[in-house]
Number of protein chains: 2
Amino acid sequence: MTEITKLQPACSQCNLQELCLPIGLSETELSLVDSLVDERRKIARGEAIFRSGDRFTAIYAVKLGFFKTEVLSEDGRHQVTSFYMPGEVLGMDGISAETHHCDAIALEDSEVCLIPFHELETISVKVPTMQRHLHRVMSREIVRDQGMMMMLGAMRAEERVIAFLLNLSQRYAARGYASTDFNLRMTREEIGSYLGLKLETVSRTFSHLQEEGVLQVEKKRIRLVDTVRLKKMLSQDRL
Amino acid sequence: MTEITKLQPACSQCNLQELCLPIGLSETELSLVDSLVDERRKIARGEAIFRSGDRFTAIYAVKLGFFKTEVLSEDGRHQVTSFYMPGEVLGMDGISAETHHCDAIALEDSEVCLIPFHELETISVKVPTMQRHLHRVMSREIVRDQGMMMMLGAMRAEERVIAFLLNLSQRYAARGYASTDFNLRMTREEIGSYLGLKLETVSRTFSHLQEEGVLQVEKKRIRLVDTVRLKKMLSQDRL
DNA sequence: ATGCCGAATTGATCAAGGTCAACAACAAGG
DNA sequence: CCTTGTTGTTGACCTTGATCAATTCGGCAT
């Protein structure tokens, strides 16, 4: 199911460029990057880019589609740790031990650009802008995880759901997609796992927010009706 | 309160070397590192190395003492996101936006080595081993955070407390300290914040584990009596 | 069509952990 | 010495979200 495509017009042509790459690369630097990212891979819905324990060789930029990452502990427990949309980079968990620590699974038919990591490190040496960019991307992941810990540790169910939706919305906005009207790519169960809640709680919270008139839910279709009030509900709630 | 010490015998002499630095550096490489890390800073208990919003200039290796990092959201909520002991590196949250996103506070009188980040990036270009090491350290932080999310999202109170204690124990062991008999540097409230629990719950759980006979608690003094059973309680609990 | 399966919704009940409160131990400072 | 503040322990009670269960809806294969 995993088809490999070479000879794509690479990064220099890609409309996600400003998300994946540092701004202000020279022509020569861009062509270096083009030679680095020479492979694109299609991942069918439900398939994994990599699984926990797989040898780490590359990081992946989402070109198209949607992914979740999931960690599993010794005793069958598992938890969704992130969702990734186009322009986002995943797989950096593998660097530390040359082995991935989570599964990365496509939530719909997707495409990723494969960035061989050791080559990336090599290029980083020649192109300092690239190195700094890499560090920023990794650091951003750390900051995001901290926010996530904050959410899991300090927020109640309703707040978590709101924070989740607002975060999605903001990321869609950043990509130029509709930010108040979108389709969820994941199930209630996956949302619940991500938020540390049960799927029933997620469902109930959606219903409740709809009754409140701040949200419209119809299956996977979400419409944020009153983002201002949603934001208020986030910050006021647990005063 | 924050006293600065120059002219210390630097990394090449430090007994934490193998925790902070990549193994197998040549003499010349080591001397490069020595020139990089030229400042040590004493931080008194309760003082911050940096605070949220501070401009990011360096990362810090704990030389001695104990730290917590804490994120605070717009609405006065705050949460402990990590504890750091000697040989561990903190501050990498600041890289992404050149600004720190959390407070780093000493839990006891401590000392850190200051590693100017841009200089570190410069040296990384010349010493690939150093670059790879940096990437690993950052990635390790990402993996650790994922584990934390797992804990916050999927474990019950007792499991979280056990996981916390076993993790401390294992880190002490790695440093050659007593791993089954140690003093907690943080309050019950800080533990609770870290684990997404209230301090009363932490206290009750300690008491309960003591009744079970797997643990001895006397104020801050912890003695792990039966680590084997503790590990079992972790994995079996929520079967 | 029909039947089946996965996803979602909703209700009833229950338990884990939060909240509130009283109190003990201990350190710091007058 | 007593006072005051911080930290920790324990109890009684309550709330949030989990659990269990019934039902619906839509897609897909036969």
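Everything numeric in this text was worked out from a predicted model, so none of it was measured. Any value given below was found using the heavy atoms of this structure, including those in side chains, with hydrogens, waters and symmetry copies removed. All chains are named by letter (A, B, ...) in the order of the sequence lines, taking the proteins before the strands, and each is independently numbered beginning at 1.
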Nearest-nucleotide comparison on DNA chain C, the residue closer to the 5′ end among K219(A) and R204(A):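 The 5'-side residue here is K219(A).
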Rounding to an integer number of Å, can you tell me how far [X] [atom1] sits from [N] [atom2]?
X: M155(A); N: dT16(D); atom1: CE; atom2: C1'; answer: 17 Å
X: E190(A); N: dA7(C); atom1: CD; atom2: P; answer: 8 Å
X: H208(B); N: dT9(D); atom1: NE2; atom2: C1'; answer: 16 Å
X: I222(B); N: dG8(D); atom1: CD1; atom2: C1'; answer: 12 Å
X: E189(B); N: dT9(D); atom1: CD; atom2: P; answer: 13 Å
X: L209(B); N: dT10(D); atom1: CG; atom2: P; answer: 13 Å
X: L197(B); N: dA16(C); atom1: CG; atom2: C1'; answer: 11 Å
X: E158(A); N: dT15(D); atom1: CD; atom2: C1'; answer: 14 Å

Closest-nucleotide ordering on DNA chain D, the 5'-leading residue of T201(A) and V217(B):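 Whichever sits nearer the 5' end wins; that is V217(B).
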Please tell me if [X] has a side-chain N or O lying less than 4.0 Å from either OP1 or OP2 of [N].
X: R188(B); N: dT7(D); answer: no
X: S207(A); N: dT10(C); answer: yes
X: T187(A); N: dA7(C); answer: no
X: S203(A); N: dT9(C); answer: yes
X: K220(A); N: dA7(C); answer: no
X: K198(B); N: dT19(C); answer: yes

Tell me whether [X] is salt-bridged to [Y], with the criterion being a basic N under 4.0 Å from an acidic carboxylate O.
X: R185(A); Y: E190(A); answer: no
X: E189(B); Y: K198(B); answer: no
X: R136(B); Y: E141(B); answer: no

Less than 6.0 Å separating the ring centroids of [X] and [Y]?
X: F66(A); Y: Y84(A); result: no
X: F56(B); Y: F117(B); result: yes
X: F67(A); Y: Y60(A); result: no

Looking at [options], which one has an atom nearest to any side-chain atom of [X]?
X: A157(B); options: dG17(C), dG17(D), dA21(D); value: dG17(C)
X: E200(A); options: dA21(D), dG18(C), dT9(D); value: dA21(D)
X: R156(A); options: dG18(C), dT16(D), dA16(C); value: dT16(D)

Touch class at under 4.0 angstrom, heavy-atom based, for G196(A) against every strand present: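 Contact class for G196(A): sugar-phosphate only.
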Sugar-phosphate, base or nothing in reach of L199(A), heavy atoms under 4.0 Å: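 It contacts base atoms.
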